[in-house]
Amino acid sequence: MSTTHKKLAAWVEEIAALTTPDQIHWITGTDEEAAQLNQALVDSGTFIKLAEDKKPNSYYAASDPGDVARVEDRTYICSKDEKDAGFTNNWMAPDEMKGIMRDLYQGCMKGRTMYVIPFVMGHLEADQPMYGVEITDSAYVVASMRVMARVGSDVLKQMEETQADFVECLHSVGAPLAEGEQDVPWPCNDTKYIVHFPEERAIWSFGSGYGGNALLGKKCYALRIASAIAHDEGWMAEHMLILKLTNPEGKTHYIAAAFPSACGKTNLAMLAPTIPGWKAEMVGDDIAWMRFGEDGRLYAVNPEFGLFGVAPGTGWSTNRSAMETIEAGNSVFTNVARTKDGDVWWEGMTDEKPAELIDWKGNEWTPESGEKAAHPNARFCTPISQCPMAAAEYDSPNGVPISAILFGGRRATTIPLVAQSRDWTHGTYMGATLSSETTAAATGAVGVVRRDPMAMLPFIGYNAGDYVQHWLTIGQKGDADKLPKIFQVNWFRKDDDGKFVWPGFGENSRVLAWVVDRLEGKAEGVESPIGLLPKPEEINTDGLDLTDEQLATALAFDKASWEKELPLVEEWFGKFGDELPAELRAELDGLKDRVANA
Ligand code: GTP
Ligand code: SPV
Ligand code: MN
C-alpha cells in the first residue's frame with residue numbers, strides 16, 4: 001500500500017478486494033500525471049483534444065445520453081433512523097443499502113484501474129482541514145476532480161502526519177470489462193445510486209459519471225455530508241456563491257447568494273457591473289462554508305478549487321469573465337458542441353450561430369437542424385485561478401466576512417426583483433419558502449415550480465425541519481448587528497408577453513448597489529407586506545433601456561399573486577409536520593395578515 005495512513009490503507013485494501021480492479025493508481029496531482037491520464041482518455045475515446053491554439057490543454061467529452069445530470073430520484077440519505085433523513089430525502093436503512101450496493105460493487109472495477117484521489121475541500125492550511133479520499137474507476141473523474149478540488153501528494157502527506165480522519169468517497173461507473181472487451185467512450189450503468197451515510201461521513205456512488213453524481217467532493221461531500229457535520233458543529237454548508245463587491249467610495253462588502261441549480265450563481269459570482277465605479281470579484285460560485293469568526297461575524301470559505309459551470313447561456317456578452325477563464329485552457333467540456341476546427345460552442349456563446357457543428361450527440365449540426373447543439377446542462381470544468389476577476393481571497397484559509405445573503409430563484413410571477421427581510425428570522429422564512437422553476441441540472445421535468453429551501457432541496461444531508469431550525473439557531477447565536485442582512489431577489493420575472501422584465505446579468509449590479517446602499521444606510525426603501533422594497537428612484541437606471549412601467553413591474557408587490565402563493569406555502573409547511581419551527585409558522589401567519597390587509 002502506498003500510504004502510511006492506517007485507516008486509508010485498510011479502506012483501499014477492502015475496496016480493492018470487493019471491486020477487483022486490474023491495478024491501483026494513487027493520484028499525486030503532478031502535471032505529468034495529468035498529461036498521462038489525459039492521453040489515456042484520448043486513447044480510450046472518452047476525450048477529444050481541442051485545438052491547442054483555441055483551447056490549450058483542454059478536452060471535450062460527450063456523456064452517454066442517459067447520464068447528463070444529477071439523478072435526484074436515485075440519491076439517498078441513509079441515516080440510521082429514517083426520521084433523520086426527513087421528508088426531502090430518499091431513505092433506506094444503511095445495512096439494506098450496503099447489501100444492495102456491495103452486490104453491485106462486487107467485481108465492478110474488473111478490467112479497469114482503481115484511482116485513489118486524496119483531496120481537501122477548502123484550504124490545506126485551514127484550522128480544521130476537511131479531508132476526503134475518492135476511490136474511482138473513472139479517469140474522467142480524476143481529470144475533473146483535479147480541477148475542482150485541491151488533490152494529491154501534499155494532501156496525503158498531511159493526512160498521514162496526523163493520521164487525520166477523512167470522508168470516504170467510493171465511486172464506480174459500474175461497467176466492468178471482460179477479458180479483451182473494448183471499452184465505450186462513456187462507461188456507466190443504467191442502475192444508479194448516489195448514497196450518503198451521514199453518521200459515518202461516507203459516500204457510495206454507483207453507475208454515473210456525471211459531475212454532481214461522480215465528483216464526490218462537490219455536492220455529495222461539500223453540501224450533503226458537510227451540512228450534516230455543520231449541523232452537529234454549529235456552522236453552515238450552503239449552496240451559495242460568494243462575491244466581493246467594492247463601491248465607488250472604495251468600501252468592500254462580501255455577499256453570499258443561494259440560487260437553485262442553473263439559476264444564476266456562476267453568473268452573479270462573475271458579475272461585470274454596468275454602473276460606473278463598482279468593482280466585482282469572485283470568491284466562489286457554488287458552495288459556501290460559513291463559520292462565526294472571533295469577531296462574531298459569519299465568515300465564508302469557498303471549499304472548491306474549480307468551476308463546474310453551465311455552458312449554455314455563457315457568452316461574451318453575458319459572462320465575459322467565464323469566457324476568459326476557459327480561453328486560458330486547462331479545461332474539460334462535457335456535452336457541448338464542437339466546431340470543425342477543434343473548438344467548442346454552445347447556445348448563447350456568440351450572437352451568431354456557427355454554420356456547422358458537431359452536436360453533443362456526435363451528429364452533424366446546422367442552424368437549420370432544429371435541435372440544440374449543446375445539451376442544456378452541458379458544463380465547463382475550469383480552474384478558478386484562471387478567472388481574471390477572481391479575488392485573492394478565494395484561496396484564503398479563513399474566508400471572508402459576509403455582509404448580506406441573497407435568496408433567489410426562477411419565478412415568472414409573484415417574487416419581486418428585490419426585497420429585504422425585516423430580520424434574520426424573516427430572512428430564514430424567505431429562504432425556507434424559496435421556490436424556483438426546475439432546470440436541466442437534474443433529470444426530470446423542466447420549468448415546474450417547486451419549493452427549494454435555501455436552494456438546498458437536493459442537498460440537505462439530514463432532516464429539513466432540523467435544517468431550517470439550524471438557520472434559526474445560527475441567528476440566535478449571532479449578534480443581530482453582525483449577522484448578514486437577508487434579501488430575496490428574482491431576475492426571472494416575466495411580463496405579459498412572456499419576456500424577462502429585468503435584463504439581468506451585468507445589470508444585476510444595480511440591484512446589488514441597492515443592497516449595499518441598504519447595508520450602509522443610504523437607501524430607505526418602502527415597507528410592503530413581503531419585506532422592504534426599493535423606492536423606484538433608489539434603483540440606478542442610468543443608461544438602462546427600461547421604462548418606468550417596466551421597472552415598476554419588476555419591483556411590484558402584487559397582492560393577487562401573493563393570495564395564490566400563500567396556500568402553496570401552507571401546503572409546503574404542511575410537509576414539515578410537527579418539525580416546522582414555530583417561528584416560521586408565526587412568520588407565515590403574520591404574512592397572511594399583512595397580505596389580506598394590503
Ligand atoms: P449550477 O452550476 O447548476 O449550480 O448553476 P448556477 O446557479 O451557477 O447558474 P448559472 O450562473 O450557470 O446560470 C444558469 C443559466 O441561467 C445560464 O444559462 C445563464 O445564462 C442564465 N442566467 C444567469 N443569470 C441570469 C440573469 O440574470 N438573467 C437571465 N435571464 N438569465 C440568467
Ligand atoms: C448543480 O446542479 O447545482 C451543479 C452541478 O452545480 S453538479 O455539480 O452536477 O451538481
Ligand atoms: Mn450548483
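Ligands are counted one by one from 1 in listed order, and the atoms in each one are counted from 1 as well.
Residue contact check: D286 has heavy atoms under 4.0 Å from atoms 6 (O) of ligand 2. Of all atoms in ligand 1, numbered sequentially from 1 with element shown, those under 4.0 Å from a heavy atom of G313 are 18 (O), 20 (O). Using a 4.0 Å cut-off to heavy atoms of G212, the atoms of ligand 2 that qualify are 7 (S), 8 (O), 9 (O), 10 (O). Distances below 4.0 Å separate heavy atoms of H239 from the following atoms of ligand 1: 4 (O). Near P260, meaning under 4.0 Å from one of its heavy atoms, ligand 1 places the atoms 7 (O). Interface of F308 with ligand 2, defined as ligand atoms under 4.0 Å from a residue heavy atom, comprises 5 (C), 8 (O), 9 (O). Taking a cut-off of under 4.0 Å to the non-hydrogen atoms of W491, the atoms of ligand 1 that pass are 26 (C), 27 (O). Applying the 4.0 Å criterion to heavy atoms of S261 picks out, from ligand 2, the atoms 1 (C), 2 (O), 3 (O). Taking every heavy atom of A441 and a limit of under 4.0 angstrom, the matching atoms of ligand 2 come to 2 (O). The ligand atoms of ligand 1 that sit less than 4.0 angstrom from a heavy atom of R379 are 1 (P), 2 (O), 3 (O). Heavy-atom contacts of N267 reach the following atoms of ligand 1: 10 (P), 11 (O), 12 (O), 13 (O), 19 (C), 23 (C), 24 (N) (cutoff under 4.0 Å). Within ligand 2, the atoms closer than 4.0 Å to a non-hydrogen atom of H239 are 3 (O), numbered from 1 in the order shown.
Ring geometry, W491 versus F259: the interplanar angle exceeds 60°, so the pair is classed perpendicular (tilted spans 30 to 60°). Aromatic ring orientation, H239 versus F459: perpendicular (interplanar angle above 60°, classes split at 30° and 60°). F487 and W514 have perpendicular rings, their planes meeting at more than 60° on a 0 to 90° scale where under 30° would count as parallel.
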* Take K219 and D286 through the salt bridge (charged side-chain N to carboxylate O under 4.0 Å, His left out) test and state the conclusion after the steps. => CA-CA 9 Å; K219 295 301 162 62; D286 198 50; 3.0 Å; yes
* Before giving the answer on side chain to side chain donor-acceptor pair (under 3.5 Å), spell out for T433 and W572 the whole-Å C-alpha distance, their side-chain angles and the decisive distance to 0.1 Å. => CA-CA 8 Å; T433 58; W572 166 241; over 6 Å; no
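Not a single N, O or S atom of F308, from either the backbone or the side chain, sits less than 2.8 Å from the Mn ion (ligand 3).
Remark: distances from the non-hydrogen atoms of M270 to ligand 1 are all 4.0 Å or more. For the ligand labelled ligand 2, residue R379 lies inside the 4.0 Å heavy-atom shell.
Of the protein's heavy atoms, R70 NE, 2.9 Å lies nearest to atom 2 (O) of ligand 2. Here the protein heavy atom with the shortest distance to atom 6 (O) of ligand 2 is K219 NZ, 2.6 Å. Protein heavy atom closest to atom 8 (O) of ligand 2, with residue, atom name and distance, is K218 CE, 3.0 Å. Closest to atom 4 (O) of ligand 1 among all protein heavy atoms lies K265 NZ, 2.8 Å.
Under 4.0 angstrom from ligand 1, the non-hydrogen atoms of P312 all belong to its backbone. With a 4.0 Å cut-off on non-hydrogen atoms, D286 touches ligand 1 through its side chain and not its backbone. Contact annotation: for R410 versus ligand 1, heavy atoms closer than 4.0 Å belong to the side chain alone. Here C263 has backbone heavy atoms under 4.0 Å from ligand 1, and that is the only part of it that gets that close. Residue N213 does not touch ligand 2, judged by heavy-atom distances below 4.0 Å. By the criterion of a heavy-atom distance under 4.0 Å, the side chain of F492, and not its backbone, is placed next to ligand 1.
Between the side chain of E437 and the backbone N or O of A412 there is at least one donor-acceptor pair closer than 3.5 Å. Using modelled atom types, one side-chain atom of D495 and one backbone atom of D497 make a donor-acceptor pair closer than 3.5 Å.
Cation-pi contact between K244 and Y254: absent, since separation from the ring centre below 6.0 Å together with deviation from the ring axis within 45° is not met.
Atom OH in Y193 sits 10.5 Å away from atom CG in N90 (nearest 0.5 Å). For the atom pair CH2 (W204) and CE (M97), the distance works out to 10.0 Å, reported to the nearest 0.5 Å.
The N, O or S atom of D286 lying closest to the Mn ion (ligand 3) is OD1.
Angle NZ(K219) to the Mn ion (ligand 3) to NE2(H239): 90° [nearest 10 degrees].
For the pair F505 and ligand 1, the shortest N or O to N or O distance falls below 3.5 Å. Checked by distance only, ligand 1 and N508 come closer than 3.5 Å through their nitrogen or oxygen atoms. Checked by distance only, ligand 1 and T266 come closer than 3.5 Å through their nitrogen or oxygen atoms.
A salt bridge links E565 with R451; the closest basic N to acidic carboxylate O contact falls under 4.0 Å. With respect to D452 and R410, no salt bridge is recorded, no charged nitrogen being found less than 4.0 Å from a carboxylate O.
S208 and R74 form no side-chain donor-acceptor contact under 3.5 Å, judged by distance and modelled atom types alone. Between the side chains of Y467 and T88, no donor-acceptor pair is found at a separation under 3.5 Å.
Across the listed options Y210, F259, F459, Y210 owns the non-hydrogen atom lying nearest to atom 9 (O) of ligand 2.
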